Structure formats: structure tokens, C-alpha cells
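These numbers come from the heavy atoms of this one structure, side chains and all, not from hydrogens, waters or symmetry mates. Keep in mind that what you see is a predicted model, and the values were worked out from it rather than measured.
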Amino acid sequence: MTVFSLNFLKSQSGTSKTDTTDIDALLDLDALWENTVWEEIQEVTEVYGEVEQITTTAGVRGAEAEDEALEHLYYRRSMKGLALIDLQKAYGKLINKRDELIKVNPNHPKLNKLNNLIAQLKFKIQKV
């Protein structure tokens with residue numbers, strides 16, 4: 001039952017609040033069902049149409065198809081991991097930064113952290 005029909009019934013009964021017993025008495029769904037005039041369907045027509053473009057899909061081949069599809073996908077370089085050239089660039093920048101800090105202050109507090117990062121990069125470069 002729609003909100004419109006409930007509002008219509010409330011306006012007919014003169015009450016502003018929703019009282020289910022009044023609405024049930026006004027509706028009498030069984031009587032509505034029995035007194036409804038039903039039209040018999042005389043003819044059923046079928047409407048045919050055409051699809052503009054049909055796209056065929058391949059069947060599922062399991063892991064073989066998945067591996068084949070993954071080879072054709074685009075991945076950012078960062079998703080595959082860092083390339084050797086990227087590691088070498090970072091290593092060079094850290095060495096330059098460390099040399100600048102040593103010129104300014106040989107006991108600079110950031111030198112330990114930079115030396116640690118340089119050692120890690122050197123290990124990764126040798127590993128690759």
C-alpha cells in the first residue's frame with residue numbers, strides 16, 4: 001500500500017493519526033479482491049529486437065589463462081620493486097648528503113642514520 005493511499009484513507013475517515021484498525025475497516029481487502037473486475041488477456045504478442053553488437057567472451061581456463069593475462073597488464077615500476085638504477089641514484093644522493101654534512105660538522109647527529117641507510121642500500125645493490 002502506498003503512502004498516497006494511506007493519506008487518502010486518513011482524509012476520508014477524518015482522523016489525522018494513523019490507526020490501523022480504522023484503516024483495516026476502511027480497506028476490507030477481501031471485499032476489494034472479490035469485487036474487482038478482472039480482464040482476460042486475449043492475445044499475447046512477441047516483440048523481437050536486434051542487439052547492436054555482440055561481444056563474445058572466452059571460456060575460463062583456470063590458472064593458465066590468469067598467468068597469460070597477467071603478462072599483458074601494465075604495472076608501475078614501483079609495484080615490481082626498485083630497479084638497480086633507482087637504488088644507485090638513492091645511494092649517490094645519500095653519499096653526497098653525507099659528504100656535505102661531514103664538511104659542515106664531522107660529528108653531525110644525522111651521520112649515523114645516513115651511514116645506516118647507505119649500508120642498507122649497498123647491501124641491496126650487491127643483492128640485485
Does I41 sit in a hydrophobic cluster with other residues, and if so which ones, taking ILVMFWY side chains as linked at heavy-atom separations under 4.5 Å, directly or through other members?
-> V44
Between the CD1 atom in I125 and the NZ atom in K127, the distance rounded to the nearest 0.5 Å is 13.0 Å
Using side chain to side chain donor-acceptor pair (under 3.5 Å) as the criterion, list what pairs up with E46, not counting sequence neighbours.
-> Y48
Determine whether E43 and T45 make a side-chain contact, defined as any pair of heavy atoms from C-beta on separated by less than 4.5 Å.
-> yes
Residues 103-121, side-chain donor-acceptor partners within the protein, below 3.5 Å, at least two apart:
from: N105; atom 1: OD1; to: N107; atom 2: N; distance (Å): 3.1
from: H108; atom 1: ND1; to: K110; atom 2: N; distance (Å): 3.1
from: N115; atom 1: OD1; to: R98; atom 2: NH1; distance (Å): 3.3
from: N115; atom 1: ND2; to: L111; atom 2: O; distance (Å): 3.2

